[in-house]
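All ligand and atom numbering here is 1-based and tracks the order in the structure.
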Amino acid sequence: MSNRLTLPISRRAVLSGAAGAATLAVAPGLRAPAIAQNAPLKVGLMLPYTGTYAKLGKFIDDGFRLYVEQKGGKLGGREITFVQVDDESKPEAATDNMNRLVGREKADVVIGTVHSGVAMAMVKVARDTKTLLIIPNAGANDATGPACAPNVFRSSFSNWQPNFPMGKVMFDAGHKNVATITWKYAAGAEQMNAFKEGFTKAGGKVVEELTLPFPEVEFQALITRIAQLKPDAVHCFFAGGGAVKFVKDYAAAGLGKTIPLYGAGFLTDGTLEAQGEAATGIKTTLHYADNLDIPANLAFLDAFKKRTGNIGDIYAVQGYDAAALLDAGMTAVGGDDKQRDKMIAAMGAAKIDSPRGPLSFNKAHNPIQNIYLREVRNGRNELVSIAQKDVDDPARGCKLV
Ligand code: PHB
């Protein structure tokens with residue numbers, strides 16, 4: 001098994017006196033006295049460490065570890081160890097990878113992943129084995145829809161959430177006929193469908209829905225098609241390495257000035273340095289903005305920079321909040337994760353003072369959060385307005401709701 005590494009947190013990596021971890025509100029009565037635990041809690045990190053989503057996986061990993069380090073390497077008084085698997089964003093390997101983590105590696109909790117197709121395979125194994133799973137990115141609507149389960153949580157978003165509010169934003173900006181472009185897989189389809197739902201509800205028309213296979217980056221023919229169609233604007237979903245290339249290709253084709261490019265915020269999150277000037281002026285919607293001027297964000301960005309030398313982004317925030325969510329559960333049971341029902345109840349009731357703003361969870365265990373409109377200015381995703389406050393996913397098909 002070449003893609004596995006076991007990495008206990010090193011003592012030296014534990015930050016002393018760093019900015020405090022996000023604060024948690026655990027409902028009264030759910031807090032248990034700390035109990036002595038000998039064996040550390042084993043956290044399985046199943047993330048993409050290679051491929052087009054490699055940087056996303058790395059930032060989630062860094063965010064998660066930062067939170068644990070700020071808590072002295074313990075959650076709920078229990079020491080944490082890690083085992084990590086590179087899922088390569090390959091759905092075909094996902095079931096085996098997840099089975100390995102919960103079987104051979106005996107992970108107590110799994111944190112993963114980025115890609116919606118991989119995440120759905122993980123959800124199936126988590127449901128079958130009753131393993132506690134926290135999804136720190138993948139937006140697959142079904143994970144907190146028809147496949148929702150008491151032991152499955154998400155610290156990120158559903159694919160519906162950042163895209164539905166964009167429909168009204170673009171219509172109100174005067175765009176009546178819009179083309180969409182994305183990768184042809186669950187996340188792309190669900191995100192563009194959610195945009196279409198919001199946009200047609202507002203009165204707009206989606207004139208063409210362009211796709212290419214994941215993770216291909218040969219955009220030229222599709223960009224030529226957009227130039228022929230001449231829609232009022234374009235809305236898209238791309239992320240990671242693919243998003244960098246798409247934004248550059250779109251600008252190089254000279255379309256940026258005539259046919260404004262919009263997107264789900266993944267288009268410009270964690271990618272701006274590489275996109276450079278090509279990204280300037282792009283408007284996106286997401287549950288984060290770089291310059292959110294709230295204490296939790298300022299402290300997080302400072303601590304993340306000190307730990308990694310990098311500027312935190314939404315992926316780092318989602319990793320950090322996955323650890324905060326686990327902390328809410330572990331604190332409630334004094335580190336005894338065998339008190340499963342109590343732990344899950346505390347996680348479901350958690351109110352996290354996240355770098356993204358207030359974060360709570362619906363009955364399907366999906367975040368309730370603000371969706372912000374941002375614009376790329378000065379190499380940053382700057383806040384324009386709150387596109388929609390406290391956005392709750394409809395959780396269609398979830399029997400827990
Ligand atoms: C997904 O596959 O759900 C996905 C991947 C990358 C993103 C957002 C969503 O940035």
Side-chain angles (χ1 to χ4, degrees), residues 46-61 63 87-94 111-123 133-145 147 152-164 166 180-195 211-217 235-247 262-272 274-275 279 282 284-288 312-319 321-322 356 366-367 369 371 374 381 393:
M46 182 162 153
L47 293 165
Y49 293 97
T50 54
T52 201
Y53 288 159
K55 186 178 172 201
L56 287 54
K58 171 85 173 86
F59 274 53
I60 290 169
D61 178 309
D87 70 40
E88 302 172 75
S89 295
K90 287 192 176 150
E92 63 276 18
I111 310 298
T113 187
V114 169
H115 181 288
S116 274
V118 177
M120 285 314 296
M122 296 174 74
V123 167
L133 170 66
I134 304 177
I135 303 169
N137 183 73
N141 291 335
D142 283 5
T144 51
V152 174
F153 283 82
R154 182 146 52 195
S155 66
S156 51
F157 59 92
S158 73
N159 283 324
W160 185 88
Q161 279 184 305
N163 286 276
F164 177 81
M166 185 53 118
T180 62
I181 178 166
T182 189
W183 279 310
K184 195 176 183 139
Y185 82 104
E190 290 178 359
Q191 294 202 27
M192 293 306 97
N193 281 344
F195 163 72
T211 59
L212 77 168
F214 175 86
E216 284 182 15
V217 291
H235 179 65
C236 70
F237 162 72
F238 292 109
V244 172
K245 180 149 190 305
F246 180 70
V247 165
Y262 292 74
F266 314 108
L267 185 69
T268 54
D269 234 86
T271 54
L272 286 177
Q275 286 162 340
I282 294 179
T284 59
T285 37
L286 199 69
H287 44 299
Y288 187 59
D313 61 11
I314 187 55
Y315 306 105
V317 170
Q318 292 170 168
D321 289 342
R356 75 185 85 174
N366 193 70
Q369 55 196 342
I371 298 295
R374 312 105 50 85
N381 287 294
D393 179 83

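Here the shortest heavy-atom distance to atom 8 (C) of ligand 1, taken over N137, N141, N159, I135, belongs to N137. Within the set Y185, Y53, Y315, the minimum heavy-atom distance to atom 10 (O) of ligand 1 is found for Y315.
Atom-to-atom distance recorded for L286:CG and D313:CG is 9.5 Å, nearest 0.5 angstrom. The distance from atom CZ of F246 to atom CD of Q275, rounded to the nearest 0.5 Å, is 10.5 Å.
Below 3.5 Å of separation, one finds no N or O of Q191 facing any N or O of ligand 1. Annotation: F237 places no N or O atom under 3.5 Å from an N or O atom of ligand 1; distance criterion only.
Between D393 and S158, the side chains place a donor N or O and an acceptor N or O closer than 3.5 Å (distance only, hydrogens not considered). N163 and H235 share a side-chain donor-acceptor pair at under 3.5 Å.
When each atom of ligand 1 is checked for a heavy atom of H115 under 4.0 Å away, the hits are 2 (O). Counting the atoms of ligand 1 from 1 in the order shown, those under 4.0 Å from a heavy atom of V114 are 1 (C), 2 (O), 3 (O), 4 (C), 5 (C), 6 (C). In summary, the atoms of ligand 1 found under 4.0 Å from a heavy atom of F157, numbered by their order in the structure, are 8 (C), 9 (C). Of all atoms in ligand 1, numbered sequentially from 1 with element shown, those under 4.0 Å from a heavy atom of A187 are 1 (C), 2 (O), 3 (O).
By the criterion of a heavy-atom distance under 4.0 Å, the side chain of A239, and not its backbone, is placed next to ligand 1.
For atom 3 (O) of ligand 1, the nearest protein heavy atom (residue, atom name, distance) is S116 OG, 2.6 Å.
Cation-pi geometry between K55 and Y53 is not satisfied (NZ or CZ under 6.0 Å from the ring centre, within 45° of the ring normal).
Atom NZ of K245 has more than 12 neighbouring heavy atoms from other residues, nucleotides or ligands inside a 6.0 Å radius.
Under a 3.5 Å cut-off, the side chain of R374 and the backbone N or O of Y288 do form a donor-acceptor pair.
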